Novice: 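Handing you a structure now.
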Amino acid sequence: MSTREWVPVEQRWFGLDRRTFKAGFSALAIALLLIYGWQGLNAAIPWHNEIRAGQVLDLGNGATAVPPVGWQLEQGTLVGGAGASATSLEVLLAQGGATIELIGTTFDGSAAAFLDQVHRSQGSPPGVTAARGTLTTDSGLVGVVESGSGPSGDGVDVAFKMGTGDAADSAPALLVRVRTASGQFEHYEDQVGAMLRSITPGAAR
Amino acid sequence: MTAVPQEKAAQLDAIEESGWGQPYRFLQPHNVAFWVYVLGVGAGAITMLRVFGPGAQFYTPALAGGVVLFGLYLVPWLLLLRHHNRFTAQPAGLLATGFVWGGVAATFWIALPANAALLAIWAKIGGTSFAQAWGAGLTAPINEEFAKAIGLILLIGLAPRLVRSAYDGFIIGAFIGLGFQVFEDILYVYNGATQQYGVDQLGSSLRVFIVRGAAGIVSHALFSAIFCAGLMWVLGRTRGERNVVRGVLTMLMAMFFHFAWDDMGVVSNGGVWAGILPFLIAAVELTALFSVLRHAAQHERTWIRELLTPELATGAVDPPLLDAVSGLHKDRKKYRKHLHSRRKANHRLEAASDLAQEIARANGAESPGVVHTRAELLRLHNKR
């Protein structure tokens, strides 16, 4: 060790060099403030973005859905808001530990093939999965439904292609992912079902 | 002919003040900054594994594509920054320490959780539409600029004698920013692939590379270089360099550039402006960057001049070479014209920098290195 790196005895504190405290601890303080300060503030501020009757979700490209009243919109925009992209859509609704995500992306192929790809990449709904079914919205879109239930929670994945007829395969894909605590899905089943049936394709139709 | 005592004294002052020639050692167990650095990079690495780990196997083509493409993207950047790491050049080890901080700690330890929390706060306060439109620009400049600048503060703690001037802040900031940029780009590649559920992963990583690579020219490396130069003006670590107002304004300017870049879509409001604005912002940012660079280099240029002035007496350095090696781009251009040979001028400039470095290493004394580099410079002078 060179004399320049030598720590004089009066500068030592449990083997550390007191002269390095200023830089080291100020850096640590700023880092902790950024990491935990914002998280603490975020936890202290409640959501006040409740869906009211008549509000409609913007799913991009003119597509829409009617979200359940009373749920908090934590991500995504309503019709008349900042606008949304059908191929990079991220909507998150939350209510009492249950969440509904609407994720839009590009996918060439059918809704069933899209759901296969989703589950290949990210796994199936939690627990034991039921046989696939279909769901037809009020506007005529046909979605593929797969649900699961287990100790880690209940889940439903519904895949749509946001177009009908010949345009369906090349239309944007929409995944609706519902997650609740174990055995809780039936409490939300009607609200989720109503929202799913309200999904309407836009210009791609 | 020997150097006059005042010139020798000024040379020794310059060596002392600049800290040039001091060795850099990363492993310093007695240094708090070292442990904070280890904590930050360690926690960042764990977060990185958590982010990439679960999908790493499925998304291997995207990740491999991103790593290769952005690894290649690093090469011209490193060459460019090496070119600017002139005057009292920083050791490679110190710059690598900054790069790793920017890539691992600033991105994954600080920015990732801090950005998520602040974005949620904007959505709670202003609504999701507001957050979607303005959130990125109101979040990243605060969290990311400070997260990266923490790396500079830690390097001051690790190498207090080496990190002295605004120019040091500028160069180190650029390296920290480059680390942040490249690791963030790889994260974007991964996110892009997950957003498409793994369909056409290589195509997706190539698309992200083209967009982010082009945008990266005026992105994190630039923002951090400006921000960290400003921070060094605020800290004023060399005699006469403290200028709090200039420093704060420079830091705010970097944050404003970051905001304008991130929220360009909303600022332009679509239409014809959406096509023009990126180029306009890039032009303004690059002009500001070179202005900050010129101002930040003032002290370093004085040090180099003082360091080499005694060499006028040895004949190794002549006044035009001294002007060029301690000058700006226009001075070096003038020197090339003076010699009527770009090649000769570049060789002499590099050899003069070698001599300055050896003098600093030897702390102004006559060492074998000084004798050798001086002889090399004299050889180049005598070469026809």
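These figures come from a predicted structure and were not determined experimentally. Within every chain, numbering begins at 1; the chains are lettered A, B, ... in the order of the sequence lines, protein sequences first and strands thereafter.
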Novice: Is it the backbone or the side chain of B:Val36 that comes under 4.5 Å from a heavy atom of chain A, or both, or neither?
Specialist: side chain

Novice: Does the pair B:Glu184/B:Arg212 count as a salt bridge with the N-to-O cut at 4.0 Å?
Specialist: yes

Novice: Given the options B:Pro160, B:Gly127, B:Gly151, B:Ala120, which has more heavy-atom pairs under 4.5 Å with chain A than any of the others?
Specialist: B:Ala120

Novice: Heavy-atom cut-off 4.5 Å, strictly under: side chain, backbone, both or neither for A:Arg18 against chain B?
Specialist: neither

Novice: Looking only at heavy atoms, what is the nearest atom pair of B:Ala360 and B:Ile15, with distance?
Specialist: O-CG2, 3.9 Å

Novice: Identify the residue among A:Val79, A:Thr77, A:Val91, A:Leu89 that makes a side chain to side chain contact (heavy atoms under 4.5 Å, CB included) with A:Leu57.
Specialist: A:Val91

Novice: Looking at A:Thr105, A:Leu78, A:Leu32, which one has more heavy-atom pairs under 4.5 Å with chain B than the rest?
Specialist: A:Thr105

Novice: Pick whichever of B:Leu112, B:Asn143, B:Leu154 has the most heavy-atom pairs under 4.5 Å with chain A.
Specialist: B:Asn143

Novice: Name the region of B:Pro29, side chain, backbone, both or neither, that has any atom closer than 4.5 Å to a heavy atom of chain A.
Specialist: backbone

Novice: Considering non-hydrogen atoms only, spot the tightest contact between A:Gly24 and B:Val32 and give its length.
Specialist: CA-CG1, 3.8 Å

Novice: Please output the residues of residues 188-196 of chain B in contact with chain A, using a heavy-atom cutoff of under 4.5 Å, in numerical order.
Specialist: B:Thr194, B:Gln195, B:Gln196

Novice: In terms of heavy-atom proximity below 4.5 Å to chain B, should A:Gln39 be classed as side chain, backbone, both, or neither?
Specialist: both

Novice: Please look at B:Leu39 and chain A and tell me whether the side chain, the backbone, both or neither of the residue comes under 4.5 angstrom of a heavy atom of that chain.
Specialist: side chain

Novice: Using side chain to side chain contact (heavy atoms under 4.5 Å, CB included) as the criterion, point out the one residue from A:Asp157, A:Leu115, A:Val145 that pairs with A:Arg132.
Specialist: A:Leu115

Novice: For A:Ser26, is it the side chain, the backbone, both, or neither that has a heavy atom closer than 4.5 Å to a heavy atom of chain B?
Specialist: side chain

Novice: Return yes if a side-chain donor-acceptor contact under 3.5 Å exists between A:Gln184 and A:Arg179, otherwise no.
Specialist: no

Novice: Who among A:Gly81, A:Gly83, A:Ala27 has the most heavy-atom pairs with chain B under 4.5 Å?
Specialist: A:Ala27

Novice: For B:Asn115 and B:Thr139, does a side-chain donor sit closer than 3.5 Å to a side-chain acceptor?
Specialist: no

Novice: Return the option, out of B:Asp200, B:Asn31, B:Ile142, with the maximum number of heavy-atom pairs under 4.5 Å with chain A.
Specialist: B:Asn31

Novice: Heavy-atom distances under 4.5 Å only: say whether B:Trp35 touches chain A with side chain, backbone, both or neither.
Specialist: side chain

Novice: For B:Tyr59 and B:Phe52, I'd like to know if the aromatic rings sit close, meaning centre-to-centre distance below 6.0 Å.
Specialist: no

Novice: Using a cut-off of under 4.5 Å on heavy-atom pairs, state which of A:Phe114, A:Phe25, A:Tyr36, A:Phe107 scores highest against chain B.
Specialist: A:Phe25

Novice: Out of B:Ala116, B:Gly157, B:Ser129, return the one with the most heavy atom pairs under 4.5 angstrom to chain A.
Specialist: B:Ser129

Novice: What heavy-atom pair brings A:Ser110 and A:Asp169 nearest, and what distance separates the two atoms?
Specialist: N-OD1, 3.7 Å

Novice: For residues B:Ala133 and B:Val266, report the shortest heavy-atom separation together with the two atoms involved.
Specialist: O-CG2, 2.8 Å

Novice: Indicate the atoms forming the closest heavy-atom contact of B:Ala56 with B:Thr60, along with that distance.
Specialist: O-OG1, 2.6 Å

Novice: In terms of ring plane angle, is the pair B:Trp101 and B:Tyr37 parallel, tilted or perpendicular, where the classes change at 30° and 60°?
Specialist: tilted

Novice: Within a strict 4.5 Å, meaning less than it, do heavy atoms of the A:Asn49 and A:Glu74 side chains meet?
Specialist: no

